[in-house]
Number of protein chains: 2
Amino acid sequence: MEFLIQFKLNDHLYLRDPELSDIGRSIVRESINLIYEIGFEKFTFRKLALHIKTTETTIYRYFSSKHKLLIYILSWYWNYLELVCKFQLQRESDSKNKLKLILEIVTYNYPYGLEIKGYNMQRLHEIVISESSKSYLVKDVDDINEELVFSPLKSLCSFISEVILEINPKFDYPKSLASTLIETAHQQQFFSAHLPSLTDNKNKELHKEYVLAYLNSLAFSVIK
Amino acid sequence: MEFLIQFKLNDHLYLRDPELSDIGRSIVRESINLIYEIGFEKFTFRKLALHIKTTETTIYRYFSSKHKLLIYILSWYWNYLELVCKFQLQRESDSKNKLKLILEIVTYNYPYGLEIKGYNMQRLHEIVISESSKSYLVKDVDDINEELVFSPLKSLCSFISEVILEINPKFDYPKSLASTLIETAHQQQFFSAHLPSLTDNKNKELHKEYVLAYLNSLAFSVIK
DNA sequence: TTCTTTTTGATAGTAACACTATCATTTTTA
DNA sequence: TAAAAATGATAGTGTTACTATCAAAAAGAA
């Protein structure tokens with residue numbers, strides 16, 4: 001599957017395409033490790049430059065800001081996830097089973113490659129849980145949305161909504177349910193791990209398993 | 001109802017209680033206006049100080065950081081919301097109607113006072129939509145959670161979960177559903193306004209009305 | 001190979017941010 | 001009216017988020 005992973009990401013996300021050089025790829029790879037380690041707020045280009053033994057200047061030649069870099073990473077993730085969904089769904093003809101598979105993929109409750117293109121996928125998923133909403137919860141969301149930087153997320157959401165409509169063509173909220181399922185998958189994992197009293201997970205571990213069960217219960221009773 | 005609004009907020013949120021002085025109250029009041037206007041990222045104590053004609057020093061004597069100030073404001077909001085819920089639910093004995101009322105209150109689709117204690121409630125609600133997740137999506141969430149700064153949100157969530165259990169005592173996920181409903185109420189309003197293709201709202205306005213209808217559909221089919 | 005272009009590095013600089021410290025002044029309260 | 005508390009004024013520190021400039025290195029073309 002590895003060989004498939006080559007997306008053309010939106011031009012507005014970078015100044016120089018990081019896929020096309022070693023240093024560019026290491027910027028993306030190590031920013032995943034560093035954001036995972038210290039969180040997006042404390043993450044700076046200065047720290048990243050020290051980490052990969054280059055300079056701030058060079059990083060700024062690839063990304064105009066750390067916010068754009070975050071959106072880049074997340075876009076890559078959404079593209080990747082949609083690809084995994086489509087790949088896995090080929091084998092399945094039953095719509096309900098399709099959605100079950102999607103929910104597993106979205107909660108990241110599956111044992112695929114730990115590394116893809118040198119990106120640590122566990123860490124990337126943790127970043128998605130903790131930082132993804134920061135990509136759009138900004139004052140200039142409308143401006144950057146015009147640059148189509150959120151289209152990978154929209155595309156994934158649209159794909160999921162179609163599966164929902166396969167199950168029940170009369171369902172009124174396929175897209176809202178799709179976005180709710182994606183976001184709830186992350187949010188409830190975060191709550192289960194850090195604010196467990198906002199969930200019903202008795203277990204102090206097995207966050208993904210709990211969330212997956214919850215999402216299935218949610219999705220299938222709503223769509224009916 | 002005005003006279004009821006007096007909460008004792010968690011000591012850890014402030015250095016000096018802002019409720020006890022004019023300058024403290026204006027810090028809270030004007031931070032709502034300023035965060036609403038420029039967003040939490042661009043909001044600084046320096047700008048706030050200029051805005052209310054005081055000094056950074058003075059603001060730092062009330063709040064140790066802008067992040068704590070955000071949690072303070074949000075805690076106040078959660079307390080307020082739980083109070084409104086309890087007040088409104090007195091009149092209602094049917095559990096399903098109770099939940100309907102809660103969903104209206106949580107989406108803020110009701111015409112209560114525009115100002116309470118000088119706080120602009122419309123703006124406060126917009127802040128909750130755009131900024132509330134930033135209060136907990138931080139690396140030191142576990143540390144600050146130990147200071148119990150998130151208890152107002154937990155309390156509201158717990159309250160809602162009890163109403164859910166009234167409707168169906170056998171429902172397995174009352175707390176997760178409660179937190180999902182609260183968070184989805186905000187998230188879908190944001191999506192409807194800024195990333196509408198993540199929702200099914202055809203209308204370019206009436207975000208609250210759309211979200212409320214969606215939440216009702218969601219909640220009652222899940223609880224069954 | 002040499003020449004040219006592209007990429008990177010090194011260094012410097014700016015305005016703003018997130019604080020902390022000190023001390024004088026004003027306001028409140030006992 | 002004296003003591004205590006709150007505020008203001010000013011300064012300073014280390015960091016962040018960039019931008020600018022110019023030299024050095026690497027890559028590609030002739």
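Bear in mind the structure is a predicted one, so any value in this text is a computation, not a measurement. For the numbers below, each heavy atom of this structure counts, side chains included, while hydrogens, waters and symmetry mates do not. Residue numbers begin at 1 in each chain, while the letters A, B, ... track the order of the sequences.
- When the side-chain nitrogen and oxygen atoms of A:Arg61 are compared with OP1 and OP2 of C:dT8, none of them lie within a distance under 4.0 Å.
- Nearest-nucleotide positions on DNA chain D place B:Thr54 closer to the 5' end than the other of B:Thr54 and A:Ser65.
- Tested against A:Ile32 for a side-chain contact (heavy atoms from CB on, under 4.5 Å), the candidates A:Tyr119, A:Trp76, A:Tyr77 yield a single pass: A:Tyr119.
- Within 4.0 Å of A:Phe45, counting heavy atoms only, lies no atom of the nucleic acid at all.
- Taking atom CD1 of residue B:Ile27 and atom C1' of nucleotide D:dT7, one finds them 11 Å apart after rounding to whole Å.
- Whole-Å rounding puts the B:Asp22 CG to D:dA5 P distance at 20 Å.
- In this entry the distance linking CD1 of B:Ile59 with C1' of D:dA9 reads 15 Å, nearest Å.
- Backbone-only engagement by B:Lys47 is indicated by non-hydrogen atom pairs under 4.0 Å involving sugar-phosphate atoms exclusively.
- For A:Lys66, no side-chain nitrogen or oxygen approaches OP1 or OP2 of D:dT16 to under 4.0 Å.
- When rounded to the nearest whole Å, the span between OH of B:Tyr60 and P of C:dT22 equals 18 Å.
- Atom P of nucleotide D:dA17 and atom CD of A:Glu56 are separated by 9 Å, given to the nearest angstrom.
- Counting any heavy atom pair closer than 4.0 Å across all strands shown, B:Tyr62 reaches sugar-phosphate atoms only and no base atom.
- Computed from coordinates, the A:Ile23 CD1 to D:dA25 P distance equals 15 Å when rounded to whole Å.
- Residues A:Phe159 and A:Glu82 come closest through the heavy atom pair CB-OE2, 4.1 Å.
- Look at CZ on B:Phe40: it is 9 Å from P on C:dA18, rounded to the nearest Å.
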Could you walk me through whether B:Glu37 and B:Lys47 pass the salt bridge (charged side-chain N to carboxylate O under 4.0 Å, His left out) test, one step at a time?
CA-CA 12 Å; B:Glu37 217 180 295; B:Lys47 288 172 187 167; over 6 Å; no

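- Using modelled atom types, one finds no donor on one side chain facing an acceptor on the other under 3.5 Å when comparing B:Thr199 with B:Gln188.
- OP1 and OP2 of C:dT8 both lie 4.0 Å or more from every side-chain N or O belonging to A:Thr55.
- At a cut-off of 3.5 angstrom, the base of C:dT11 holds at least one donor-acceptor pair with the side chain of A:Thr57.
- Nucleotide D:dT7 holds its P atom 14 Å from the CG atom of B:Leu48, rounded to whole Å.
- The minimum heavy-atom distance between A:Ile102 and A:Cys85, with the atom names listed, is CG1-SG, 4.2 Å.
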